[in-house]
Amino acid sequence: MNHDTPETPGLAALAEVLACPHCGGPLECTADHAHCPHCKRAFPAQDGILRLAAMDDPEPGIPAHQGPTRASYQQEYQHIAAAADYNTKYVRERLKRWSTRREVHLLNRLLASQPRSRILLELPCGGGRLSAALAVHADLLVEADVALGQVQYARDHARTPTSQLFLTASALRIPFRNAAVDGVVCVRLCHHLPHPAERERLVAELLRVARRFVILTFFDRHSLKNLLRRLRRPFNRKRPKYTMARADVRRIAARHGARLAACPALSWIGSGHRYALLLKP
Ligand SMILES: C[S@@+](CC[C@H](N)C(=O)[O-])C[C@H]1O[C@@H](n2cnc3c(N)ncnc32)[C@H](O)[C@@H]1O
Ligand SMILES: [Zn+2]
């Protein structure tokens with residue numbers, strides 16, 4: 001943990017840009033909670049984390065679906081012990097350390113291609129694996145995840161010299177007004193959403209709150225990794241990955257007013273993930 005960190009700004013710093021995750025109305029913020037005057041819901045802040053996650057949407061059904069659902073995956077890291085297990089793997093395992101280095105490199109490249117952000121939202125932030133790489137490109141980094149355990153882990157282990165604010169939030173109902181932040185970074189969530197309509201809903205929601213850009217990872221249907229997985233499937237019976245093609249991402253972005261400006265692969269062999277940079281006009 002870096003002890004040389006700035007004072008965490010108060011919730012008031014976000015009052016102008018937050019919105020109720022249930023009704024979309026503006027929120028009123030005090031030092032320790034937010035309140036929606038429209039639908040009368042209250043959102044507490046505890047230990048520096050404002051709880052704005054809304055997770056009550058019914059999930060579309062998936063025929064013959066075998067893996068975690070969107071709803072069950074949202075529960076996976078609610079406790080800090082589960083979050084710690086996820087995050088320490090990225091430190092312990094050599095291939096995961098390599099992957100993080102390459103992801104940091106890609107993020108730096110894509111973020112450096114854009115003007116510096118006043119407010120950058122990382123959603124989901126997980127345990128803050130990428131916080132330091134993002135922080136250098138923003139004046140205020142908002143770290144949010146649906147799982148309280150992950151946000152607690154990030155708050156305790158991923159403090160940066162840039163100001164940070166910590167929230168719980170669902171990426172499918174982001175508690176920000178339209179175009180409220182300069183950019184949104186969404187790493188390794190899309191491929192956990194089993195239903196194609198929800199992957200589109202995610203992209204639309206990220207683009208709604210971003211004023212200028214979204215960086216989003218997806219698992220490339222045409223990657224070598226996915227091809228090998230499909231070939232091995234009759235033997236190992238591993239469930240198919242939730243993939244998208246670059247053309248899908250381009251089309252979805254266009255439907256929501258953005259263009260796909262870059263789409264580098266994390267690795268040609270070892271990973272099927274791509275980092276898409278979506279730009280708004
Ligand atoms: C594979 S982790 C990636 C975390 C981080 N982006 C990283 O790359 O280290 C996926 C994260 O998505 C979070 N998550 C799951 N469903 C979510 C949702 N609907 N909205 C926001 N976060 C979600 C999980 O809690 C988990 O922390
Ligand atoms: Zn409301």
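We use all heavy atoms of the structure for the numbers below, so side chains are in, but hydrogens, waters and symmetry mates are not. We number each residue from 1, following the sequence as shown. All ligand and atom numbering here is 1-based and tracks the order in the structure.
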Quiz item: What do you reckon, does C125 have a nitrogen or oxygen under 3.5 Å from a nitrogen or oxygen of ligand 1?
Solution: no

Practice problem: Measure A83 to ligand 1 on non-hydrogen atoms and call it side chain, backbone, both or neither using the 4.0 Å cut-off. | Solution: neither

Exercise. With heavy atoms only and a cut-off of under 4.0 Å, state how E103 meets ligand 1: side chain, backbone, both or neither.
Key: neither

Exercise. Return a yes/no value for E122: is any of its N or O atoms, backbone included, closer than 3.5 angstrom to an N or O of ligand 1?
Key: no

Quiz item: Does a salt bridge link D182 with R211, judged by any charged N lying under 4.0 Å from a carboxylate O?
Solution: yes

Exercise. Return a yes/no value for P124: is any of its N or O atoms, backbone included, closer than 3.5 angstrom to an N or O of ligand 1?
Key: yes

Quiz item: Is there a heavy atom of G149 sitting under 4.0 angstrom from any atom of ligand 1?
Solution: no

Exercise. Starting at CG of L18, measure out to CG of L50 and round the result to the nearest 0.5 Å.
Key: 6.5 Å

Quiz item: How does L189 reach ligand 1, by side chain, by backbone, by both or by neither, if only non-hydrogen atoms under 4.0 Å count?
Solution: side chain

Practice problem: Could you tell me whether a side-chain N or O of R274 sits under 3.5 Å from a main-chain N or O of C263, the two making a donor and an acceptor? | Solution: yes

Quiz item: Do L167 and V151 pass the side chain to side chain contact (heavy atoms under 4.5 Å, CB included) test, and can you show the C-alpha distance, the side-chain angles, and the key distance before you say yes or no?
Solution: CA-CA 7 Å; L167 317 174; V151 185; over 6 Å; no

Quiz item: For Q150, is at least one N or O under 3.5 Å away from an N or O on ligand 1?
Solution: yes

Exercise. Before giving the answer on salt bridge (Lys or Arg N to Asp or Glu O under 4.0 Å), spell out for R221 and D248 the whole-Å C-alpha distance, their side-chain angles and the decisive distance to 0.1 Å.
Key: CA-CA 10 Å; R221 183 169 311 140; D248 298 333; 3.3 Å; yes

Practice problem: Indicate yes or no: at least one non-hydrogen side-chain atom of V142 is less than 4.5 angstrom from one of V181. | Solution: no

Exercise. If you have a sec, work out which protein heavy atom is nearest atom 20 (N) of ligand 1 and how many Å separate them, to one decimal?
Key: A171 N, 2.8 Å

Quiz item: Looking only at distance, does D145 have an N or O less than 3.5 Å from an N or O of ligand 1?
Solution: yes

Quiz item: So which heavy atom in the protein is nearest atom 19 (N) of ligand 1, and how far is it from that ligand atom?
Solution: Q74 OE1, 3.1 Å

Exercise. Classify the angle between the aromatic ring planes of F43 and H22 as parallel (below 30°), tilted (30 to 60°) or perpendicular (above 60°).
Key: parallel

Self-check item: Nearest protein heavy atom with distance in Å, relative to atom 4 (C) of ligand 1
Solution: G126 CA, 3.6 Å

Quiz prompt | Sub-4.0 Å atoms of ligand 1 with respect to non-hydrogen atoms of A147 | solution = 25 (O)

Practice problem: Report yes or no: does a heavy atom of H192 sit under 4.0 Å from some atom of ligand 1? | Solution: yes

Quiz item: Does any N, O or S atom of C23, backbone or side chain, fall under 2.8 Å from the Zn ion (ligand 2)?
Solution: yes

Exercise. Just jot down the ligand 1 atoms closer than 4.0 angstrom to any heavy atom of R188, in number order.
Key: 1 (C), 3 (C), 8 (O), 10 (C)

Exercise. Answer yes or no on whether R129 is positioned over the face of Y90, meaning its NZ or CZ is under 6.0 Å from the six-membered ring centre and within 45° of the axis.
Key: yes

Quiz prompt | Proximal ligand 1 atoms for S170, defined as those under 4.0 Å from one of its heavy atoms | solution = 19 (N), 20 (N)

Self-check item: Contact flag C20/the Zn ion (ligand 2), N/O/S atoms, threshold under 2.8 Å
Solution: yes

Quiz item: Nearest heavy atom to atom 22 (N) of ligand 1: which of L193, I174, V146, T168 does it belong to?
Solution: V146

Exercise. Give a yes or no on whether a salt bridge exists between R70 and D57, defined as a side-chain N under 4.0 angstrom from a carboxylate O.
Key: no

Practice problem: Give the single entry among R129, E143, H191 that approaches atom 8 (O) of ligand 1 most closely by any heavy atom. | Solution: R129

Practice problem: Please work out whether the ring planes of Y73 and Y77 are parallel, tilted or perpendicular, with thresholds of 30° and 60°. | Solution: perpendicular

Practice problem: Consider only side-chain N and O atoms of S267 and R102, and report whether a donor and an acceptor are under 3.5 Å apart. | Solution: no

Quiz item: With distance as the sole criterion, is a donor-acceptor pair present between the side chains of H137 and Q114 under 3.5 Å?
Solution: no

Quiz item: Is the closest heavy atom of Y86 to ligand 1 under 4.0 Å?
Solution: yes

Self-check item: M55 vs T168, side chain to side chain contact (heavy atoms under 4.5 Å, CB included): CA-CA, chis, key distance, verdict
Solution: CA-CA 11 Å; M55 298 185 275; T168 65; over 6 Å; no

Quiz item: Quick one: nearest non-hydrogen protein atom to atom 10 (C) of ligand 1, plus distance?
Solution: Y73 OH, 3.1 Å

